[in-house]
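What follows is a short report on a single structure.
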Amino acid sequence: MATITEVAKEAGVSKATVSRILNNQGSFSDDTIANVMSAVKKLDYHPNEVARALGKNKSKTIALIFPTKDIPSFVEIQSALEDAFYNQGYKVMLFSSLFDKEKENVTAQMLKNNMIDGIVLGSYTKDISHFTNSSLPIVSAGRKVHDSIPYVKADDKGAGFLAGKHLLSKNCKKLLYLTNHIDGIHADERFFGFQSALANTDTELRYYEVSLEEQIKHDFSSVINRMIIEHPDAEGLFVETDLLAMSCIQNYTSLGYKIPNDIKIIGYGDMFFSHLMNPALTTIKEYRIKCAEVIANLLIDMIENKELSKTEIEIPVSLIERQTT
């Protein structure tokens with residue numbers, strides 16, 4: 001493997017000149033730059049990225065911290081974030097916290113001891129002091145976690161409002177809402193938006209919650225069956241996620257319900273499987289690629305010490321009508 005010394009000798013310049021040209025530093029003639037790049041190509045020289053990072057005090061690496069790798073919505077946003085950062089010359093490292101504060105403490109310590117330029121925090125634990133005490137730039141993905149941390153999220157209230165108005169347009173009067181919000185119904189902005197759409201109408205609304213343990217186990221049947229048994233004549237249902245909506249469709253159809261004749265169902269996210277289901281799922285589309293691009297731009301601006309024009313950003317959503325309504 002060629003060394004920077006060999007490249008310098010081949011190009012007839014100093015090692016310092018090679019280093020500065022490769023790092024876009026200093027001012028050199030076109031001939032000098034051409035000689036160095038020709039030597040790099042001829043010798044197949046690959047700079048030591050670790051050494052370059054140490055010299056710049058930058059690793060071009062971003063840490064993504066999310067609860068789990070097993071939930072499709074997290075997988076899709078993680079993939080979108082990886083692409084968004086890659087397009088701007090950054091690599092990503094994925095850390096899975098499993099909703100576990102202690103594991104996040106360990107992760108935070110690892111980040112302090114390694115060269116990470118910034119953090120995208122998709123964590124759902126309530127105590128994030130181990131991150132707020134860090135000097136690293138942080139952007140929260142999906143929710144506001146602290147006044148000092150910028151965030152990018154979908155318009156959750158708008159999502160709930162769209163779902164409510166759509167079910168009203170289908171003449172649904174008896175409505176259900178099923179949430180798996182980690183902080184509970186009283187922190188669920190989609191529920192607030194759903195409520196606001198139903199205000200001053202002659203509708204009935206009941207809600208049910210999926211516990212954290214049920215989420216981790218992907219075991220939703222007990223709460224869904226209880227919901228169906230207690231409200232067998234419900235006409236419309238808005239569900240926190242497409243995955244949860246899929247479970248609802250399975251439970252309703254197994255009990256003989258016809259969708260959308262007996263009950264109309266709306267999911268959230270527009271996951272890759274939503275249009276493949278039978279019946280295809282009406283859902284609120286979350287623009288994850290757009291969210292990821294905004295998160296990447298925001299975090300990189302922080303890393304580069306640029307002034308931020310906004311620190312609280314909501315990305316609009318839209319309703320995709322399919323067969324379940």
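Quick note: numbers below take in every heavy atom, side chains included, and nothing from hydrogens, waters or symmetry partners.
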Next item on the list: Identify the two heavy atoms, one from R190 and one from E240, that lie closest to each other, and give their separation to 0.1 Å.
Entry: NH1-O, 2.8 Å

Note to self: Check whether T324 reaches the backbone of T282 with its side chain - one donor and one acceptor, N or O, closer than 3.5 Å.
What the structure shows: yes

Margin query: Tell me which pairs pass ring-ring contact (aromatic ring centres under 6.0 Å, His included) where either residue lies in residues 223-249, with sequence neighbours left out.
Written below: Y177-F238, F194-F238, Y208-H231

Next item on the list: Answer whether the closest heavy-atom distance between the side chains of E286 and Y268 falls below 4.5 Å.
Entry: yes

Notebook entry, point to check: Sub-3.5 Å donor-acceptor pair from the side chain of T203 to the main-chain atoms of K174, do we have one?
Noted result: no

Item checked: Check: S140 side chain, Y151 main-chain N or O, donor-acceptor pair, under 3.5 Å -> no

Next item on the list: Measure the shortest side-chain to side-chain distance between V223 and R226 over non-hydrogen atoms and say whether it is less than 4.5 angstrom.
Entry: yes

Show me, pair by pair, the donor-acceptor contacts under 3.5 angstrom made by side chains of residues 254-262, not counting sequence neighbours?
residue	atom	partner	partner atom	Å
S254	OG	Q250	O	3.3
S254	OG	N251	O	2.7
Y257	OH	P232	O	2.9
D262	OD2	K258	N	2.6

Margin query: Using 0.5 Å steps for rounding, measure from the CG atom of L178 to the OG1 atom of T241.
Written below: 8.0 Å

Item checked: I289-V120 co-clustered via ILVMFWY side chain contacts under 4.5 Å -> no

Next item on the list: Check whether any side-chain heavy atom of H181 lies under 4.5 Å from a side-chain heavy atom of R143, and answer yes or no.
Entry: no

Check: Can you name the nearest heavy-atom pair linking M227 to C248, along with the distance?
Finding: CE-SG, 4.4 Å

Check: So if you build clusters from Ile, Leu, Val, Met, Phe, Trp, Tyr with side-chain heavy-atom gaps below 4.5 Å, do I33 and Y45 land together?
Finding: yes

Notebook entry, point to check: Is it the case that one hydrophobic cluster holds both M246 and I228, taking links as side-chain heavy atoms less than 4.5 Å apart, direct or via other members?
Noted result: yes

List the atom pairs, with distances to 0.1 Å, where a side-chain N or O of residues 157-166 and a protein N or O form a donor-acceptor pair under 3.5 Å, not counting sequence neighbours.
residue	atom	partner	partner atom	Å
H166	NE2	T325	OG1	2.9

Check: Honestly curious: do L167 and Y207 fall in one hydrophobic cluster under the side-chain, below-4.5 Å linking rule?
Finding: yes

Item checked: More than 12 heavy atoms of other groups within 6.0 Å of L319 CG -> yes

Check: Rounded to the nearest 0.5 Å, how far does CD1 of I249 lie from CG of L244?
Finding: 10.5 Å

Check: Roughly how far, to the nearest 0.5 Å, is NZ of K264 from CG of L237?
Finding: 12.5 Å

Check: So among D156, L205, T179, which one has a side chain to side chain contact (heavy atoms under 4.5 Å, CB included) with F191?
Finding: L205

Margin query: Contact between I300 and F85 at the side-chain level, heavy atoms closer than 4.5 Å - yes or no?
Written below: yes

Check: When rounded to the nearest 0.5 angstrom, what is the spacing between NE2 in H275 and CG in L281?
Finding: 11.5 Å

Item checked: Common cluster, I284/L243, ILVMFWY with side-chain heavy-atom separation under 4.5 Å -> no

Item checked: Euclidean distance, I21 CD1 relative to M37 CE, rounded to 0.5 Å -> 8.5 Å

Margin query: Which heavy atom of I77 sits nearest to which heavy atom of C291, and what is that distance?
Written below: CD1-CB, 4.5 Å

Notebook entry, point to check: K285: what forms a side chain to side chain donor-acceptor pair (under 3.5 Å) with it, not counting sequence neighbours?
Noted result: D270

Check: What heavy-atom pair brings M302 and V139 nearest, and what distance separates the two atoms?
Finding: SD-CG2, 3.7 Å

Next item on the list: Spell out, as yes or no, whether a donor-acceptor pair under 3.5 Å connects the side chain of S38 to the backbone of N35.
Entry: no

Checklist line | Candidate pair V92 and L81, rule side-chain contact (heavy atoms from CB on, under 4.5 Å), full reasoning | finding: CA-CA 8 Å; V92 303; L81 284 166; 5.8 Å; no

Item checked: For the student: nearest non-hydrogen atoms of A296 and A84, plus distance -> CB-CB, 3.9 Å

Note to self: Atom NZ of residue position K173 - does it have more than 12 heavy atoms of other residues, nucleotides or ligands inside 6.0 Å?
What the structure shows: yes

Next item on the list: Evaluate whether atom NZ of K144 has more than 12 neighbouring non-hydrogen atoms of other residues, nucleotides or ligands under 6.0 angstrom away.
Entry: yes

Checklist line | Closest heavy-atom pair and its distance - I303, P137 | finding: CG1-CG, 4.0 Å

Check: Quick one: side chain to side chain donor-acceptor pair (under 3.5 Å) partners of Q88, sequence neighbours excluded?
Finding: N297

Note to self: I'd like to know if the side chain of D242 and the backbone of M271 have a donor-acceptor N/O pair within less than 3.5 Å.
What the structure shows: yes

Margin query: So does T3 get a backbone contact from the side chain of E6, meaning a donor-acceptor N/O pair under 3.5 Å?
Written below: yes

Notebook entry, point to check: So with a 6.0 Å cut-off around NZ of K15, is the heavy-atom count from everything else above 12?
Noted result: no

Next item on the list: Show your reasoning for whether side-chain contact (heavy atoms from CB on, under 4.5 Å) applies to Y252 and I265.
Entry: CA-CA 10 Å; Y252 270 105; I265 299 176; 4.1 Å; yes

Got a list of side-chain donor-acceptor pairs under 3.5 Å for residues 308-318, not counting sequence neighbours?
residue	atom	partner	partner atom	Å
E314	OE2	K153	NZ	3.3
S318	OG	Y287	OH	2.7

Next item on the list: Output the distance between atom CG (L299) and atom CD1 (I295), rounded to the nearest 0.5 Å.
Entry: 9.0 Å

Note to self: I'd like to know if the side chain of D117 and the backbone of K60 have a donor-acceptor N/O pair within less than 3.5 Å.
What the structure shows: yes

